[in-house]
Engineer: 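Structure provided below as structure tokens; questions to follow.
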Amino acid sequence: MTEKPDTKTAKIAKPLASQTLFRGLDVVSAVAEGCRSVKDISDRTGIAFSTTHRLASALVQIRYLHFEPRKGYRLGSRLVELGFLAYRESAITTTARPLLEELAAQTQDTVHLAALDEDEGIIYLDKIGGKRPIEVNTRIGGRKPVCCTSVGKALILDQGRAAWTKRYEQEAAKGLAGPLSLEQWLEAMATYAAKGYTFDLGENVDGIRCVGTPVRDASGEIVASISVTSTDAYTDEARMHEIIPLVQNVARKISMLLGARST
């Protein structure tokens, strides 16, 4: 005789699983709204303290939340990755893609589209591979520091010396600011800001050369940056200066499609 499934148990299991999922999402939402301790999260969501602690610990394990002693919880790197992957499907990425492909074909080099993630440096929203026999160690959704990448520098061009100094000091404390001293880097940033482009002269990876420039939206704010990336075997100083107007022209076109005024 075939045993019949316990329909009562089956009916209960699904709602309980859904309830756990919804509670987990409530915990994430509470952290996104500024709750930092288990007590704060529990008070905000109405979930029992012990259950809140269990859910938060599980979310930390899978990187949906991040926990620091004395600072508490914040959104985790996996959640940020998912957010930016969703952002990839937004107007900026779909708008930029055809123009990035044209730039990659024109230069034969790798082209990147990046955005700023305040906690994690920069994140790559898109990447078009070049035609040259070189490998650029980047990936969509991957992160790099700000101070030693051309896309990173381009993303903060408008922020000014005080913000630049703070950014450099934060990354230098983690060993991520690159080989330039603070004064050398600030001098370079002032030049880049005046001219509207940025260089990476092997500061992130030896032998890699990049030319970057910002992308702006209708408000004039920098919302992304693009770069052309090659190696010193193919790109000397003269070629980098030849690439500048190509990158700036594409960034200008993308910006105009996002509503920015023609300049």
Side-chain angles (χ1 to χ4, degrees), residues 12-93 113-126 138-149 151-153 155-156 158-160 162-178 204 217 221-225:
I12 293 174
K14 187 173 181 180
L16 285 176
S18 298
Q19 186 179 53
T20 300
L21 172 62
F22 292 142
R23 284 178 172 178
L25 293 173
D26 285 342
V27 169
V28 170
S29 296
V31 173
E33 292 166 4
C35 295
R36 294 291 174 258
S37 69
V38 173
K39 184 179 184 304
D40 290 342
I41 299 169
S42 178
D43 290 345
R44 177 68 64 88
T45 61
I47 301 170
F49 185 94
S50 60
T51 303
T52 299
H53 185 270
R54 176 174 55 81
L55 290 170
S57 297
L59 289 164
V60 168
Q61 289 181 15
I62 58 174
R63 297 189 296 119
Y64 278 66
L65 294 181
H66 176 78
F67 178 78
E68 291 184 59
R70 296 184 298 278
K71 292 185 178 180
Y73 293 93
R74 63 177 175 82
L75 298 182
S77 58
R78 180 54 181 160
L79 197 60
V80 175
E81 287 173 9
L82 292 174
F84 274 106
L85 288 174
Y87 188 60
R88 274 194 70 224
E89 304 303 321
S90 67
I92 188 169
T93 306
L113 173 70
L116 188 65
D117 174 6
E118 288 297 338
D119 289 331
E120 305 287 346
I122 66 99
I123 187 165
Y124 291 107
L125 303 180
D126 208 352
T138 54
R139 61 179 176 82
I140 296 171
R143 291 179 173 79
K144 292 282 187 178
V146 171
C147 296
C148 60
T149 58
V151 284
K153 296 170 192 173
L155 285 164
I156 62 171
D158 290 354
Q159 293 185 5
W164 295 339
T165 299
K166 181 178 179 181
R167 174 76 62 176
Y168 180 95
E169 290 174 344
Q170 288 174 339
E171 293 196 346
K174 301 176 183 177
L176 300 175
N204 182 42
D217 64 8
E221 295 291 323
I222 296 174
V223 292
S225 63

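Computed over heavy atoms, backbone and side chain alike; hydrogens, waters and symmetry mates excluded.
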Engineer: Keeping D117 on the side-chain end and G121 on the backbone end, is there a donor-acceptor pair under 3.5 Å?
Structural biologist: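 Answer holds: no.
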Engineer: Of all the heavy-atom pairs spanning I122 and P145, show the shortest one and how long it is.
Structural biologist: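 That would be CG1-O, 4.0 Å.
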Engineer: Could you name each residue pair satisfying ring-ring contact (aromatic ring centres under 6.0 Å, His included) that touches residues 28-65, not counting sequence neighbours?
Structural biologist: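 Listed once each, the pairs would be none.
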Engineer: Quick one: does any side-chain atom of R36 pair with a main-chain N or O of V31 as donor and acceptor, under 3.5 Å?
Structural biologist: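 Yes: the side chain of R36 pairs with the backbone of V31.
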Engineer: Say you draw a straight line from CZ of R78 to CD of Q61; how long is it, rounded to the nearest 0.5 Å?
Structural biologist: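 Reported value, rounded in 0.5 Å steps: 16.0 Å.
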Engineer: CG/N204 to OG1/T149 distance, rounded to the nearest 0.5 angstrom?
Structural biologist: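 It is 6.5 Å, given to the nearest 0.5 Å.
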Engineer: Below 4.5 Å, heavy atoms only, C-beta onward: do K144 and Y124 meet side chain to side chain?
Structural biologist: yes
Engineer: Could you check whether S37 and D40, counting side-chain N and O atoms only, form a donor-acceptor pair closer than 3.5 Å?
Structural biologist: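 Their side chains do contain a donor-acceptor pair, which is all the 3.5 Å distance test asks for.
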Engineer: Which heavy atom of L113 sits nearest to which heavy atom of I92, and what is that distance?
Structural biologist: CD2-O, 4.3 Å
Engineer: Side chains of V60 and Y73: does their closest heavy-atom pair fall under 4.5 Å?
Structural biologist: yes
Engineer: Return the minimal non-hydrogen interatomic distance between V28 and L59, and the atom names on each side.
Structural biologist: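 Minimum heavy-atom separation between V28 and L59: CG2-CD1, 3.8 Å.
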Engineer: For a side chain to side chain contact (heavy atoms under 4.5 Å, CB included) check, start with the C-alpha distance between V27 and L65, then their side-chain angles and the critical distance, and finish with the verdict.
Structural biologist: CA-CA 9 Å; V27 169; L65 294 181; 4.0 Å; yes
Engineer: Using salt bridge (Lys or Arg N to Asp or Glu O under 4.0 Å) as the criterion, list what pairs up with D43, not counting sequence neighbours.
Structural biologist: K39
Engineer: Let me confirm one number: the CG-CZ distance from L79 to R74, rounded to the nearest 0.5 Å.
Structural biologist: 11.5 Å
Engineer: So R167 and E171, side chain to side chain contact (heavy atoms under 4.5 Å, CB included) or not? Walk me through it.
Structural biologist: CA-CA 6 Å; R167 174 76 62 176; E171 293 196 346; 4.1 Å; yes
Engineer: For the CZ atom of R143 and the CD1 atom of I123, what is their distance to the nearest 0.5 Å?
Structural biologist: 4.0 Å
Engineer: If you compare all heavy atoms of I41 against all heavy atoms of T52, which two are closest, and at what distance to 0.1 Å?
Structural biologist: CG2-CG2, 3.6 Å
Engineer: How long is the span from the CH2 atom in W164 to the CD atom in Q159, to the nearest 0.5 Å?
Structural biologist: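 It comes to 9.0 Å.
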Engineer: If you compare all heavy atoms of C148 against all heavy atoms of G178, which two are closest, and at what distance to 0.1 Å?
Structural biologist: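 C148 and G178 have their closest heavy atoms at CB-CA, 4.1 Å.
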Engineer: Is there a donor-acceptor contact under 3.5 Å from the side chain of S42 to the main chain of I47?
Structural biologist: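 At least one qualifying donor-acceptor pair exists.
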Engineer: To the nearest 0.5 Å, what is the distance between CD on Q170 and OG1 on T165?
Structural biologist: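 Here the interatomic distance stands at 11.0 Å.
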Engineer: List the atom of D26, the atom of T45, and the distance in Å for their closest heavy-atom pair.
Structural biologist: O-CG2, 3.6 Å
